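Here it is: the structure, laid out below.
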Amino acid sequence: MPKALIQDPTLIFFVVLAIILLAPLLLNRIKIPHIIGMIIAGVCVGPYGFHLLDDDASFKIFGEVGLLYLMFLAAIEIDLYHLKRNLKRGLIFGVLTFGIPVVVGYFSSVYFFNAAAVPALLLASMYAAHTLISYPVAVRFGITKSPAVLIAIVGTIFAVIGALLTLATAVNVHHHGALLWSEILILLLKLSGFCLAVTFGYRILARWFLRKFSDRVIQFVFVLALVFFAAWLARVIGLEAVLGAFFAGLVLNRFVPNTSPLMSRLEFVGNALFIPYFLIGVGMMIDIRVVASIPTLKMAAIMLAVALITKWLAAVITARLCGMSRDDSRLMFGLTSAHTAVALAVASIGYGFGLLDATMLNGTVLMILITCAIAPIATSGAAARIKIHMLEDASNASEPKNASNTLVPVDNPVTSLALMELALLIHPSNQPDNSLMAVHVRTSNSPAARANSEASLKLAGEAAATVDIPVTTIERFDSDITAGLLNIINERDVNCVIMGLHRKTTLIDSFFGTKMNQMLETTNRMMLICRFFNPVNTLRRLVVFVPPKTEFESGFRMWLTTLGRLARNLGCKAVFMCHPQVQRIITGVLNQERLDIRLEFRAIEQWDDFILLSNHIADDDLLAVVSARHGSISYSPDIKQMDSFLQKYFTQANLLVVYPEQSGMNDDVMSYLDPTGAESMSSPGWTRRLASAGRRLFRKNT
């Protein structure tokens, strides 16, 4: 074959970037998913089209990297809590989306192609395996946490593993003339050993590395190194590399929150470069002239019918059995109808062993092309309808009455990044652009003070920019830091303040410090005071201590939903230490706010239980203590001693002290689902007023 027209590496890269740029812009106008455009562009510029580019080693490397990256992103973006909740339905779909294609594919190959048992088994495994090539469509619509997507992902894992085992069985029979169960058992043992080694080894290694090294570039390279090592290890033991990349993503899922800068970098690099390279590479492998022959077209038509009908039946039957909608079944069909990597691997192996002829190979290639074109279209239509339903449900859910304006005072560049990461994890997604603010108040005009202010605000802005959350940076000069913060709180109508814990410098210094105590005394807004010894994304549990009568505070719902968002975005378990009567109130509020998190309750009857809690707080736990201001409903002499308890018993704990909002009157009705409506007669202010009125009445009568 002659060389391609373009040989210069710089120009080759330009052509690829032009395709990645123009395919979405042009095809979005005619409502066609850009994935199809990249595959068609690969056909046009490839060796079987206009031959502008060669399908050389660079496309093979980047293409394989793109496929592995696609499977890794599908795993890293999964909400593991919802995945466990949909695991049963996912296994049902996995059995059906593997079993139906295998059975129908085997007998159709025997009947239509007169294939022997081993080639028919190879073709059956090809029908069963699929690739989540249209998963980026679900990402663009923001429905990756919907049950249909999670079920499709579980089904993909089951189907790919089953297809590879079927392939191993067919190759085993071809080599030995009979099925050797010992080799299949050895492969299963290797698979089990691989899963155990990656699970425990990667967790220990990732937690240690992310705690020790905070540089974002180093963390990015570290995560990718683990992914590709797992992919290579899977291939060594006789499995496909896509399984290794996907499983590595599941293990690392816990350490990469969805709203973290690390996740933003991973998604950006994959969606901007590697995954498009894979799609273009798929198109470059397709030879339209070969697959356009009459025998190939007939065989491809039968293959296509079997592949699509069996996957459609699996999706429809699963939806009927699990009580899901038609849109859910269409979405599952769209996600699982594309056959690329595993199907091509099966066909190549079968052709290399002489089990499949050239017509079957070319028919497989044409089937891959058409299924890759159909899958994004089917996924896009169903995803749009599901997104509309999700938005309608969200609009009917309870919404906050006012915007949640969050203020993050950044005092120095060392602590500003950690404070902003916490703010991004708890920031509601449906807030206006100016609702998150980072502020630095300086009391000096010296060059050093200006440089410190500029560096602190710059880091805060960069942290928010990496996850596409707008942040307003404010630099303020004032004679007093506390006064400056209070002025900004009142000017911007701030209702949540996130601050770092004061560090004691002298023996007589208090636990929170003078400035923090002044803030607590002069504002009634919710305040979160944090101290982290470990990065927040390496924490395993959120342990929340809830004192008595906290449910009667007007800010109860606000701090509870804030901690619920934190637990959801971290993917960790939330353990609430509270009175038994408060447990159903907490559950009701979290359900009403649609915060599905792993919950655990431990009953606390007296204050001494809080001290005993110190023996059960590990280094990778986050202890959240709900405190109270003087004069509030939940304030008590025990709360007054809170700072000394924390200083004495929790010196090495990751700490988050929550002071709920104290807004006085609240017109909401009190119920177990909405405990934010504090009874007016329970307020200490009303108690003092009633007592004063009683004394005046008594004096008047006497």
Side-chain angles (χ1 to χ4, degrees), residues 210-219 260-262 405-425 427 434-467 469-492 494 496-523 525 527-536 643 647 651 654-657:
L210 295 177
R211 287 180 179 178
K212 191 172 183 62
F213 302 98
S214 59
D215 184 82
R216 302 303 176 194
V217 176
I218 293 178
Q219 290 184 351
S260 65
L262 181 56
N405 296 325
T406 304
L407 182 68
V408 185
V410 288
D411 185 55
N412 57 75
V414 177
T415 59
S416 61
L417 192 59
L419 290 175
M420 282 304 302
E421 287 183 351
L422 176 63
L424 295 172
L425 286 171
H427 187 66
N434 59 350
S435 59
L436 181 60
M437 294 161 279
V439 60
H440 180 89
V441 180
R442 55 184 175 86
T443 58
S444 172
N445 274 327
S446 64
R450 289 178 178 272
N452 181 58
S453 175
E454 181 180 353
S456 301
L457 293 176
K458 181 181 179 181
L459 285 176
E462 290 176 352
T466 54
V467 292
I469 296 180
V471 60
T472 304
T473 56
I474 305 170
E475 182 181 14
R476 190 182 187 96
F477 177 81
D478 210 304
S479 59
D480 183 74
I481 294 179
T482 304
L485 291 176
L486 291 174
N487 290 333
I488 295 175
I489 290 174
N490 294 325
E491 293 168 1
R492 304 293 181 117
V494 173
C496 178
V497 183
I498 302 175
M499 302 183 68
L501 182 62
H502 163 78
R503 295 191 177 186
K504 294 185 61 175
T505 57
T506 62
L507 292 176
I508 61 174
D509 201 358
S510 63
F511 182 68
F512 290 117
T514 304
K515 296 177 182 178
M516 194 77 67
N517 289 329
Q518 290 176 353
M519 289 284 296
L520 293 172
E521 292 173 358
T522 52
T523 181
R525 311 304 167 87
M527 292 190 62
L528 304 179
I529 306 171
C530 58
R531 178 189 67 192
F532 293 109
F533 292 107
N534 299 319
V536 66
D643 55 349
Q647 184 176 353
T651 55
N654 302 294
L655 191 61
L656 181 65
V657 182

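Note that the coordinates shown come from a computational prediction; the quantities given were computed from them, not determined experimentally. Starting from 1, each residue takes its place in the sequence as its number.
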Measure the spacing between CZ of Phe532 and CG of Leu656 and express it to the nearest 0.5 Å.
6.0 Å

Heavy atoms only: give me the nearest Val441-Ile481 pair and the separation to one decimal.
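Smallest interatomic distance, heavy atoms only, reads CG1-CA, 3.9 Å.
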
Measure the spacing between NE2 of His440 and CZ of Arg450 and express it to the nearest 0.5 Å.
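The CZ atom of Arg450 is 11.0 Å from NE2 of His440, to the nearest 0.5 Å.
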
How long is the straight-line distance from OG of Ser456 back to CG of Leu417, given to the nearest 0.5 Å?
11.0 Å

Report yes if some heavy atom in the side chain of Arg492 is under 4.5 Å from a heavy atom in the side chain of Asn405; otherwise report no.
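Not touching, per the 4.5 Å side-chain cut-off.
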
Work out which heavy atom in Val471 is nearest to a heavy atom in Ala460; give both atom names and the distance.
CG1-O, 4.3 Å

Which atom names give the shortest non-hydrogen contact between Thr443 and Ser479, and what distance separates them?
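In this case the closest contact between Thr443 and Ser479 is CG2-O, 3.9 Å.
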
Identified side chain to side chain contact (heavy atoms under 4.5 Å, CB included) counterpart of Cys530 within the set Thr415, Leu419, Val536, Leu501
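So, applying the side chain to side chain contact (heavy atoms under 4.5 Å, CB included) to Cys530 and each of Thr415, Leu419, Val536, Leu501, only Leu419 qualifies.
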
Nearest 0.5 Å, please: how far is CE in Met527 from CG in Leu407?
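Between atom CG of Leu407 and atom CE of Met527 there are 9.5 Å.
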
Specify the closest pair of heavy atoms between Ala438 and Leu457, including all atoms of both residues, with the distance to one decimal.
O-CD2, 3.6 Å

For the residue pair Met420 and Leu459, establish whether any side-chain heavy-atom pair is separated by less than 4.5 Å.
no

Looking at Asn654 and Asn534, would you say the former's side chain and the latter's main chain have a donor-acceptor pair under 3.5 Å?
yes

Taking all atoms of both residues into account, what is the closest heavy-atom pair of Asp215 and Val217, and its distance?
OD2-N, 3.1 Å

Expected output: side-chain Thr523 to main-chain Met519 donor-acceptor under 3.5 Å
no

Closest heavy-atom contact between Pro535 and Leu210?
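Distance-wise, the nearest heavy atoms are CG-O, 3.3 Å.
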
Can you tell which of Glu475, Arg442, Arg476 makes a side chain to side chain donor-acceptor pair (under 3.5 Å) with Ser453?
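Running side chain to side chain donor-acceptor pair (under 3.5 Å) over Glu475, Arg442, Arg476 with Ser453 returns exactly one hit, Glu475.
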
Does the side chain of Glu462 come within less than 4.5 Å of Pro261's, by heavy atoms?
no

Does Asp411 offer a backbone N or O that forms a donor-acceptor pair with the side chain of Asn452 under 3.5 Å?
yes

Output the distance between atom CG (Asp478) and atom CD1 (Ile488), rounded to the nearest 0.5 Å.
8.5 Å

At what distance, to the nearest 0.5 angstrom, does CG of Leu422 lie from CD1 of Ile498?
5.0 Å

Any side-chain heavy atom of Asn490 within less than 4.5 Å of one from Arg525?
yes

Look at atom CD of Glu454 and say whether more than 12 heavy atoms of other residues, nucleotides or ligands are closer to it than 6.0 Å.
no

